[in-house]
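Beneath this line is the structure, given in structure tokens, with notes to follow.
Atoms considered below: every heavy atom in the structure, side chains included; atoms not considered: hydrogens, waters and symmetry mates.
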Amino acid sequence: MGSTATDSRPPFDFHGRTVFVAGGTSGINLGIADAYAAAGARVAVMSRDAARVEAACAQLARHGAEVYGRTGDVRDYAAVEDVLADVHARLGDIDVLVSGAAGNFLAKALDLSSNGFKVVVDIDLNGTFHVLRAAHRFLRKPGASIINISAPQSYNPAPMQVHACAAKAGLDQVMRVLALEWGEHGIRVNSIVPGPIAGTTGIQRLVSDEARATMAGRIPLRRLGALEDIAAMALFLGSPFASYVTGALIPVDGGISLLGGRHHANLE
Ligand code: HXC
Ligand code: NAP
């Protein structure tokens with residue numbers, strides 16, 4: 001039931017544009033980087049693991065686009081700043097900035113140490129602030145588009161997800177405040193809220209194989225999402241078609257957010 005965005009990938013053209021994706025070496029974020037590379041953009045990605053960075057660059061390069069990868073941890077502000085300065089020196093002003101690095105696991109609050117809570121907040125929330133704050137001076141002004149990757153847990157409380165719920169809720173407010181502050185610089189700031197996306201680390205960590213089938217049957221559109229569903233929204237947000245869109249939290253989730261938080265975790 002239902003078709004994916006693959007069937008009709010929008011004909012966006014990003015030749016001559018520069019895109020930076022924090023956490024862009026796997027899953028949803030790599031799907032976004034890949035869509036931009038396919039649309040002709042120069043694409044840079046950053047994550048912690050050198051082998052992943054190398055593999056992602058090889059994947060992106062097959063589109064013939066200019067590609068650059070650097071290792072770095074979004075928890076380290078100085079490292080993020082260094083990577084962004086390097087990307088800017090090589091690829092020019094950044095037109096589209098995607099902040100999608102995240103960490104997650106299922107744990108009840110009483111099984112979560114202070115450090116377990118902190119590590120997820122450090123990656124998702126503090127890391128996103130680092131990426132956006134450090135990137136500001138390298139963004140095209142006017143015209144840049146910032147895209148944060150949120151999650152339905154930011155507004156639907158989900159048991160065993162207190163760390164991710166808190167982090168993603170904070171991330172949404174970072175998005176809104178910076179949309180207010182940076183609008184006058186001609187910078188748009190928005191968040192995509194992916195639903196459960198098939199084949200990703202996130203869904204593998206949070207939902208068992210068995211529960212995944214049940215989940216798909218409950219989603220209003222009756223399927224898990226695909227990487228292309230999220231990439232299509234990211235292309236739109238980076239394009240001139242979205243030039244009056246800022247401060248928006250945009251679910252791309254087949255309608256699962258309408259069902260509430262218990263459907264986001266493997267609780268059965
Ligand atoms: C309880 C846990 C735990 C678990 C880790 N911790 N896993 N606590 N249950 N399953 C605790 C550890 O005990 C430790 O606390 C603290 O968390 C830090 O763990 P480290 O392994 O030292 O951290 P680090 O190496 O920095 O790794 C961070 C990580 C890791 C988040 C724990 O899993 C990671 O790097 N993940 C990145 C990939 C990822 O998670 N992708 C999924 C994104 S999906 P103590 O007290 O022992 O020191 C997503 C949303 C999906 O975000 C939404 C779907 C609908
Ligand atoms: P994923 O494959 O695990 O991707 C996470 C990426 O972030 C990886 O490239 C990882 O690479 C990088 N990363 C992790 N910690 C980092 C750090 N400290 N510094 C720099 N990079 C770091 O995850 P995914 O499931 O595709 O999820 C991607 C995004 O979508 C996340 O923001 C997630 O919250 C959101 N989301 C996912 C789903 C889903 O169904 N999967 C649903 C809703 C929202 P390294 O390990 O090399 O660092």
Side-chain angles (χ1 to χ4, degrees), residues 2-10 12 14 19-24 27-36 39 41 95-102 104 124-125 128-129 131-132 139 143-158 164-165 167-183 186-198 200 202-203 219-221 223-261 263-264:
S3 57
T4 74
T6 341
D7 303 329
S8 53
R9 181 172 276 186
F12 291 110
F14 285 92
V19 177
F20 176 79
V21 186
I28 290 172
N29 306 321
L30 178 56
I32 292 172
D34 194 82
Y36 272 107
D95 296 281
V96 179
L97 177 78
V98 181
S99 178
N104 204 353
D124 295 25
L125 175 57
T128 289
F129 178 74
V131 170
L132 271 54
L139 296 175
S145 172
I146 295 174
I147 302 166
N148 289 343
I149 309 300
S150 186
Q153 290 94 322
S154 80
Y155 45 83
N156 278 333
C165 288
K168 294 290 192 181
L171 186 139
D172 292 348
Q173 284 296 69
V174 168
M175 177 275 288
R176 294 187 184 99
V177 173
L178 297 192
L180 281 173
E181 293 190 4
W182 294 357
I187 298 169
R188 298 181 295 103
V189 193
N190 296 287
S191 291
I192 297 174
V193 184
I197 304 303
T200 59
I203 206 72
I219 294 172
L221 287 180
R223 66 172 175 87
L224 299 183
L227 296 180
E228 292 81 4
D229 293 318
I230 308 305
M233 178 55 72
L235 290 174
F236 167 72
L237 286 174
S239 81
F241 295 108
S243 61
Y244 205 52
V245 182
T246 197
L249 190 63
I250 305 174
V252 181
D253 68 353
I256 194 172
S257 293
L258 304 172
L259 305 178
H263 297 274
H264 297 302

* To do: Would you indicate whether the side-chain heavy atoms of Ile28 and Ile192 approach each other to under 4.5 Å?
  => no

* Asked: Taking it one step at a time, do Ile203 and Ile197 satisfy side chain to side chain contact (heavy atoms under 4.5 Å, CB included)?
  -> CA-CA 7 Å; Ile203 206 72; Ile197 304 303; over 6 Å; no

* Structure fact -> Rounding to 0.5 Å, atoms CD1 (Ile219) and CG (Leu224) come to a distance of 5.0 Å

* Asked: Can you name the residues that form a side chain to side chain donor-acceptor pair (under 3.5 Å) with Asp95, not counting sequence neighbours?
  -> Arg17, Arg140

* Asked: With a 4.5 Å limit on heavy-atom distance, are the side chains of Phe14 and Leu235 in contact?
  -> yes

* **Closest contact, heavy atoms only, Ala231 versus Ala35** => CB-CB, 3.6 Å

* When rounded to the nearest 0.5 angstrom, what is the spacing between CD1 in Ile230 and CG in Asn29? -> 10.5 Å

* To do: For side chain to side chain contact (heavy atoms under 4.5 Å, CB included), just list the numbers for Leu171 and Ile149, CA-CA rounded to whole Å, side-chain angles, deciding distance to a tenth of an Å, and then say yes or no.
  => CA-CA 9 Å; Leu171 186 139; Ile149 309 300; over 6 Å; no

* To do: Using modelled atom types only, decide if a donor and an acceptor are shared between the side chain of Ser145 and the backbone of Leu237 within a distance under 3.5 Å.
  => yes

* Validation row: Leu227, Thr200 side chains within 4.5 angstrom (heavy atoms) -> yes

* Asked: Within a radius of less than 6.0 Å around CZ of Phe236, do more than 12 heavy atoms belonging to other residues, nucleotides or ligands occur?
  -> yes

* Structure fact -> side-chain contact (heavy atoms from CB on, under 4.5 Å) filter on Ala102, not counting sequence neighbours, yields Asp124, Lys168

* Exercise: do Asn148 and Thr128 side chains pair donor with acceptor under 3.5 Å -> no

* Asked: Taking all atoms of both residues into account, what is the closest heavy-atom pair of Pro194 and Ser150, and its distance?
  -> CD-O, 3.2 Å

* Over all atoms of both residues, closest heavy-atom pair of Leu249 and Pro251 -> O-CD, 3.4 Å

* Note, Asp172 side chain near Arg176 side chain (heavy atom, < 4.5 Å) -> yes

* **Sidechain-backbone polar pair: Asn190 side chain, Gly247 backbone, donor-acceptor under 3.5 Å** => yes

* Asked: Short question: side chain of Asp229, backbone of Ala226 - any donor-acceptor pair under 3.5 Å?
  -> yes

* Backbone of Ala234 reached by a side-chain donor or acceptor of Tyr36 within 3.5 Å -> yes

* Asked: What are the two closest non-hydrogen atoms of Cys165 and Pro157, and how far apart are they?
  -> SG-CA, 4.1 Å

* Any Ser239 side-chain heavy atom under 4.5 Å of Val96 side chain -> no

* Got Ser99 and Ile146 here, is their nearest side-chain heavy-atom distance under 4.5 Å? -> no

* CZ on Arg188 to CG on Leu139, rounded to 0.5 Å -> 12.0 Å

